[in-house]
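What you see is a predicted model; the values in this text were computed from it and never measured.
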Amino acid sequence: MLPASNRMRSAPQFRETTRRGVRIPSGAVVLHVLATGVSEEPRVGLTISKSVGNSVVRHRTARRIRAAFASCVNDLPRGSLWVVRALPGAGESESLHNDVVSGIARARLKLESRP
RNA sequence: CGAGUUGGCCGGGUGAUCGCGGCGUGAGCAAUCGCAUCGAGGAAAGUCCGGACUCCACAGGGCAAGGUGGUGGGUAACGCCCACCCGGGGAAACCCGCGGGACAGUGCCACAGAAAACAGACCGCCUUGAGCAAUCAAGGUAAGGGUGAAACGGCGGUGUAAGAGACCACCAGCACUGCAGGUGACUGCAGUGGCUAGGUAAACCCCACUUGGAGCAAGGUCAAGAGGAUCGGGCAACCGAUCUGCGCAGGCGAGCGGCCCGCUCAAUGUCUGCGGGUAGACCGCACCAGGUCACUGGCAACAGUGGCCGCAGAUGGAUGAUCACCGAAUCGGUCACCGAGAGGUGCCGAGGAACAGAAUCCGGCUUACAGGCCAACUCGUCCA
RNA sequence: GCCCCUUUAGCUCAUUGGUAGAGCGCUCCCUUGGUAAGGGCGAGGUACCGGGUCCGAUUCCCGGAAGGGGCU
């Protein structure tokens, strides 16, 4: 799981990231990334609407996405803000882990090419 | 063995690696790190009842409004639970019932039918009168007919012009009285009375009991700063609206969420209008109507005594991810055994677990739920 | 988390316990050389679902489902 220091907690950060960040669709999820340039821990937030499923499905989806991020948390650039939006069907997706990891890799390429 | 009824329990398991949240403890100025330990449910769900707790000054009286509704008990309380009564269903175990009052009053009962709630009379039956006759008029009657969910007791006889509880026997049912049983709802028996009373209160209503309002986003403490929060629009800067707080101006009443009484407060109050647009932390918060075992009382719900146990506490919201092994349902088979067959059992292969995730906490109710286990009881068949 | 509201024809909504209606839309016909407008005929309903009360329920009572709203 993600340590507490890597979790996004405030509504302004969510709004900034989803509105001004780069959007990368990847399978069952959509990633929003925003590079702030500040020398802080990267932060990750989740958006999982009711269309994904009931409470059990939504929580299981959130845990799997967080576990996928935790596996490569050291590869995230410092100061970056990430918001993951789960699409309907993500709860039953077999490739959720790979969707997240490959999305992170493509997002890093995009950030480096357009600083 | 088969069919069924009721109650209770479980509802994936084991291991490895990597993680997350709380509490405790040790180190560190601190960030943080180490160790130890705990970490979802029977419904955590729906939010339908009841309480605890907090605020509304106190939580007062009357009216209004709402709720409950057989009896007795259990409980902190309940619309819940237990036992019994009554009514209905079932062959039985057993199940279902908002189950007070229609002799306080008011309303309603469509269509059909003569008539739908004082009893009356369409067809009919009978008597008298008129007429050649068909029939008509006056009167008696309510057995028979048809309508309807429901038609003013049922059946048989006496009686009569025809009939009628007009009278009689039996039966059903009502009211009253007495006796017996029961704490009681009520039940049983005997007698008397009048021959008979429609339904609806989940229509108004009456009776008995009962309910003050809001809800942990309740509410409290602290810090910061003159702001803050939410919603809508915009790529964005930002713009607009509402609420709270602050500032200014004006009014004099305001509160006890319906009204009246009564009570309380009132210029540091309260209401209205205008103005310009800065927010987090902590407490509440997890040890109690607690769980479990034994004994005692009780038909039971439950209560009492004693021993043992400590059992989630997040806040963009922890309780997980990956891998390996085992694995229920289900599906398949040129397989084996049993069987007349339908099928059953075994073996092999595939497959890979229902409904569902705490958010102030308890007691219930209701709803969802693949599959499995246990116990008691009823009926049927066979054997001893 | 807490507190409320709604559900009737394809859509928007009516309807004292007694055969469910209106407007728009739809089908067919008339009118026109043709279309629109206009006129006429008609179809279309598990009254969200399941129980109960009643002779009878869209309506009254109980339970559920779906959709929507509010709070600081």
Chi-angle category of [N] [syn within 90° of 0, anti beyond]:
N: B:rC311; result: syn
N: B:rA76; result: anti
N: B:rG163; result: anti
N: B:rG165; result: syn
N: C:rC54; result: syn

Worked verdict on A:Arg66 versus A:Val44 for side chain to side chain contact (heavy atoms under 4.5 Å, CB included): CA-CA 8 Å; A:Arg66 273 198 290 261; A:Val44 179; over 6 Å; no
Between [N] and [M], how far is it from one [atom1] atom to the other, in whole Å?
N: B:rA202; M: B:rG79; atom1: C1'; value: 15 Å
N: B:rG120; M: B:rG131; atom1: C1'; value: 32 Å
N: B:rA114; M: C:rC48; atom1: P; value: 40 Å
N: B:rC123; M: B:rU141; atom1: C1'; value: 14 Å
N: B:rG90; M: C:rC62; atom1: P; value: 30 Å
N: C:rU27; M: C:rA43; atom1: P; value: 16 Å
N: B:rG146; M: B:rU192; atom1: P; value: 41 Å
N: B:rA172; M: B:rC189; atom1: P; value: 11 Å

Between [atom1] of [X] and [atom2] of [Y], what distance do you get to the nearest 0.5 Å?
X: A:Leu46; Y: A:Arg85; atom1: CG; atom2: CZ; value: 12.5 Å
X: A:Trp82; Y: A:Ile104; atom1: CH2; atom2: CD1; value: 5.5 Å
X: A:Asp99; Y: A:Leu31; atom1: CG; atom2: CG; value: 9.5 Å

Starting from [atom2] on [N], measure out to [atom1] on [X] and report it in whole angstrom.
X: A:Arg63; N: B:rA318; atom1: CZ; atom2: P; value: 6 Å
X: A:Leu96; N: B:rG320; atom1: CG; atom2: P; value: 17 Å
X: A:Leu81; N: B:rG316; atom1: CG; atom2: C1'; value: 14 Å
X: A:His97; N: B:rC18; atom1: NE2; atom2: C1'; value: 11 Å
X: A:His59; N: B:rA359; atom1: NE2; atom2: P; value: 11 Å
X: A:Trp82; N: B:rG316; atom1: CH2; atom2: C1'; value: 19 Å
X: A:Arg66; N: B:rU319; atom1: CZ; atom2: C1'; value: 11 Å
X: A:Phe69; N: B:rC20; atom1: CZ; atom2: C1'; value: 17 Å

Which nucleotide, in any strand shown, forms a Watson-Crick or G-U wobble pair with [N], with both distances under 3.5 Å?
N: B:rG139; result: B:rC126
N: B:rU270; result: B:rG251
N: B:rC311; result: none
N: B:rA237; result: none
N: B:rG343; result: B:rC338
N: B:rG146; result: none
N: B:rU367; result: none
N: B:rC189; result: B:rG178

Of the listed B:rG317, B:rG357, B:rA321, the closest approach to the A:Ala67 side chain comes from B:rA321
Look at the side chain of A:Arg106 and the backbone N and O of A:Pro25, then say whether any donor-acceptor pair between them is shorter than 3.5 Å.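 Looks like yes, one N/O pair under 3.5 Å.
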Defining pairs by Watson-Crick or G-U wobble geometry with both distances under 3.5 Å, how would you list the stems of RNA chain C with at least three pairs each? C:1-7 with C:65-71, C:10-13 with C:21-24, C:28-30 with C:38-40, C:48-52 with C:60-64
With nearest nucleotide decided by heavy atoms, which residue, A:Val44 or A:Arg60, maps closer to the 5′ end of RNA chain B?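 Here A:Val44 is the residue nearer the 5' end.
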Return whichever of A:Gly45 or A:Val57 has its heavy-atom-nearest nucleotide of RNA chain B closer to the 5' end.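 Closest to the 5' end, via its nearest nucleotide, is A:Gly45.
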Considering all heavy atoms of both residues, which atom of [X] and which atom of [Y] are nearest to each other, and what is their separation?
X: A:Val29; Y: A:Ala86; answer: CG1-CA, 4.4 Å
X: A:Pro42; Y: A:Pro77; answer: CB-O, 3.6 Å
X: A:Ser71; Y: A:Val101; answer: OG-CG2, 4.5 Å
X: A:Ser26; Y: A:Ser102; answer: OG-OG, 3.5 Å

Distance below 4.0 Å between A:Arg85 side-chain N/O and B:rG316 OP1 or OP2: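 Checking A:Arg85 against B:rG316: no side-chain N or O falls below 4.0 Å of OP1 or OP2.
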